[in-house]
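These notes are about the structure you will find just below.
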Amino acid sequence: MNRSSAAVALLLLLAVAAPPARPAEPPPAPSPAFATGGEGPFPRLILRGVTLIDGTGAPPIGPMDVVIEKERIAELVSVGAPGVPIEAEGRPKARPGDRELDLAGHYLLPGFVDLYGHLHEPLDYTAKLFLAHGVTTAREPICRVGVPRCLELRETTGKGRSVAPRVVPFVSFGLSGPGATMPLPDEASARRWVAETAKAGAAGVRFRDFAPAVFAAAVDEARKRNLRTSVHLDQLLVARADALDAARAGVDILEHWYGLPEALLDGATLQDFPADYNYNEEQQRFAAAGRLWRQAAPPGSERWNAVVAALAEEGLTLVPTLSLYEANRDLMRARTAEWHPLYTLPQLWDSFAPNRAAHAAHWFDWTTEEETEWRRNYRLWMEFLQAYKNRGGRVAVGSDSGFMYSLHGFAYVRELELLREAGFHPLEVIRAATLDGARALGLDGELGSVEPGKRADLVVVAENPLANLKVLYGTGALKLDAENRPVRVGGVRWTIKDGVLHDAPALLAEVRRTVAEAWAKAGRTPAQPGMAPPPPGSKP
């Protein structure tokens with residue numbers, strides 16, 4: 001049975017054997033398939049004179065010549081020392097038909113892995129933003145476009161010249177169709193569902209709503225079938241299972257941070273919910289979450305150290321998505337990011353605006369007090385991440401872009417900056433974005449570091465990202481030139497995926513044209529909420 005047939009069979013099985021699905025909003029209309037583009041793969045592609053940051057945590061080394069044969073790295077050759085001419089002897093010799101790039105002064109990194117890389121519609125737009133920022137692999141965490149189509153994306157992006165990151169699809173536990181999930185009533189049903197999902201070709205299962213016994217059975221079945229697992233422990237669930245419970249059940253990846261402070265509660269078993277708390281009231285939910293980390297055991301305490309050690313021993317990967325929640329600690333910064341007018345489509349911009357009926361659009365009356373609480377939340381959260389990493393725990397990078405003023409690609413780079421703020425050395429930040437992301441997916445034999453034999457997923461930058469991570473933004477970093485004029489430097493120059501060269505500035509130019517045309521067609525500009533008439537069709 002091929003994967004598409006298996007996916008269809010899975011949906012039919014669930015429709016017959018399981019309770020009716022919960023109602024869900026209809027999914028967006030599918031966009032066309034990803035574009036085909038880039039150059040290559042070549043019989044041999046030689047990158048000349050780069051400074052290599054290999055993703056393992058090793059310090060930079062250069063100048064290096066890197067030889068790529070078709071889709072794989074063939075040779076890494078040190079060709080001299082900085083500041084002196086490179087001698088021709090000892091360099092890999094070009095052959096007829098080779099493609100050579102003179103990259104003296106440039107930096108070469110492994111392709112980035114986004115462990116929470118939602119592919120929102122239109123998919124082509126999302127994919128170009130990811131690829132233009134060096135993201136060559138994206139875990140689609142919920143397959144919201146439906147199982148057959150999501151698994152098809154795994155096939156179409158896993159090889160060849162698709163202008164998209166490699167999609168690693170995780171299916172939401174109990175998914176019965178695009179956007180709709182159903183509860184699985186018992187352990188046997190859960191195991192059957194996981195078995196069919198594995199046969200259909202999924203890479204993993206993502207959990208959110210579950211009964212603990214059903215969850216444990218599903219995780220066990222996933223491990224038997226070599227499926228990775230992730231969990232979002234939301235407030236409706238976390239009283240029954242916190243991060244320690246999930247890790248001990250065998251879950252591979254913890255998304256966001258829910259379940260961590262609950263595991264650290266000392267003298268209580270639940271978050272201190274206000275008496276009038278209502279989970280469906282989004283602003284109240286996020287406001288209460290901003291007061292959660294200070295209810296946990298303090299850093300360095302006996303409880304804190306025990307939880308850090310236990311989670312690290314279980315091998316749980318944390319994917320904090322710090323950039324997603326940053327609007328909670330500084331809403332104006334998130335709303336007015338310089339890339340929105342150029343790169344954010346009207347429908348996405350409208351979805352960010354405060355709205356009582358929309359998920360993660362909760363700023364109905366977001367005050368200085370709420371932002372202050374979230375800043376305190378971040379300090380404790382970041383201190384935990386730093387301690388966890390230092391204890392041997394794995395922290396990897398995910399953006400969860402497409403919500404809360406978080407834009408694909410740009411939010412990924414911001415996530416790197418926030419890990420730096422948390423205390424990670426820049427080399428640790430790069431490792432979190434590359435090798436540790438690949439390890440979390442079980443793909444580190446193929447991806448995540450620049451080593452002979454691995455796939456040629458690479459990022460070329462003209463500036464040193466260890467000195468300034470901002471040079472990875474599509475809008476570049478701001479500097480003054482010799483004449484005291486402000487200029488932009490950096491931005492990814494080339495993204496290489498499976499040996500195929502993608503021109504990152506050209507991809508960004510395509511996105512800018514698409515966005516400009518969309519705003520022109522809408523007859524408006526991306527005005528700030530409350531400063532312009534509401535978008536057409538919105539409810540007062």
Side-chain angles (χ1 to χ4, degrees), residues 21-29 116 118 120-121 141-142 144 172 178-181 208-209 232-239 255-258 270-292 321-337 340 344-375 377-378 399-408 411 519 522 524-540:
R22 293 201 305 263
E25 295 182 4
Y116 211 121
H118 277 306
H120 288 93
E121 299 283 3
I142 59 176
R144 65 194 296 268
S172 287
T181 57
R208 183 161 180 167
D209 295 324
H232 173 154
L233 294 167
D234 69 24
Q235 272 66 42
L236 296 179
L237 171 65
V238 77
E255 302 165 358
H256 312 307
W257 53 271
Y258 310 117
L270 297 174
Q271 178 180 346
D272 184 16
F273 292 108
D276 63 346
Y277 182 93
N278 187 327
Y279 179 82
N280 281 354
E281 213 272 42
E282 289 274 294
Q283 177 165 307
Q284 187 183 54
R285 179 162 71 88
F286 280 99
R291 292 163 170 79
L292 183 49
T321 65
L322 291 152
S323 58
L324 173 68
Y325 297 97
E326 194 170 22
N328 291 335
R329 71 174 188 167
D330 192 346
L331 178 57
M332 185 178 292
R333 181 196 184 282
R335 284 192 292 108
T336 58
H340 284 311
T344 303
L345 285 170
Q347 63 266 36
L348 189 55
W349 180 253
D350 293 343
S351 75
F352 294 150
N355 184 337
R356 286 186 175 85
H359 172 58
H362 53 271
W363 305 287
F364 318 150
D365 181 23
W366 200 251
T367 66
T368 303
E369 295 305 304
E370 306 302 351
E371 290 190 354
T372 299
E373 290 291 350
W374 267 94
R375 291 188 186 109
N377 221 38
Y378 263 72
S399 64
D400 198 1
S401 306
F403 300 98
M404 297 166 70
Y405 294 102
S406 176
L407 186 61
H408 308 82
W519 281 106
R524 55 196 179 97
T525 58
Q528 291 295 323
M531 294 185 175
S538 63
K539 296 180 180 180

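In what follows, residues are counted from 1 in the order of the sequence shown.
- Here the side chain of Y378 pairs a donor or acceptor atom with the backbone of E326 at under 3.5 angstrom.
- Rounding to the nearest 0.5 Å places CG of D400 at 4.5 Å from CG of L324.
- Note that CG of L345 and OG of S351 are 10.0 Å apart. Values are rounded to the nearest 0.5 Å.
- Nearest heavy-atom pair, Y405 versus P354, reported as atom, atom and distance to 0.1 Å: OH-CD, 4.2 Å.
- A parallel orientation is assigned to the rings of H362 and F286, their planes being inclined by less than 30° (bins at 30° and 60°).
- For the pair S323 (side chain) and A411 (backbone), a donor-acceptor distance under 3.5 Å is present.
- Distance alone, capped at 3.5 Å, is enough to place a donor-acceptor pair between the W519 side chain and the T344 backbone.
- Across every non-hydrogen atom of F364 and Q283, the tightest pair is N-OE1, 2.7 Å.
- Of all non-hydrogen atoms in H340 and A334, the two that sit nearest each other are NE2-O, 3.2 Å.
- Under the 4.5 Å side-chain criterion, counting only non-hydrogen atoms from C-beta, F403 is in contact with H120.
- Between A239 and L270, the shortest heavy-atom distance links the atoms CB-CD2, 3.4 Å.
- The aromatic rings of H118 and Y116 stand perpendicular to each other, their planes meeting at an angle above 60°, with 30° marking the opposite boundary.
- Contact record, A361 with A353: CB-O, 3.3 Å, taken as the closest heavy-atom pair.
- Going from atom CD of E370 over to atom CG of L331 covers 11.5 Å, rounded to the nearest 0.5 Å.
- In this structure, M404 and W363 have side chains that are in contact, with non-hydrogen atoms separated by less than 4.5 Å.
- Two residues are said to be in side-chain contact when any heavy atoms from C-beta on lie closer than 4.5 Å; Y277 and P274 meet this criterion.
- A donor-acceptor pair is defined here as one N or O able to donate and one able to accept, closer than 3.5 Å; such a pair exists between the side chain of Q284 and the backbone of D276.
- E373 places no side-chain N or O within 3.5 Å of a backbone atom of R291 that could act as its donor or acceptor partner.
- Two residues are said to be in side-chain contact when any heavy atoms from C-beta on lie closer than 4.5 Å; E371 and R375 meet this criterion.
- For the pair R335 and F352, the NZ or CZ position fails the cation-pi test of under 6.0 Å to the six-membered ring centre and within 45 degrees of the ring normal.
- Taking CG from L292 and CZ from F273, the interatomic distance works out to 8.0 Å, rounded to the nearest 0.5 Å.
- The minimum heavy-atom distance linking E282 with A360 is given by the pair OE1-N, 2.7 Å.
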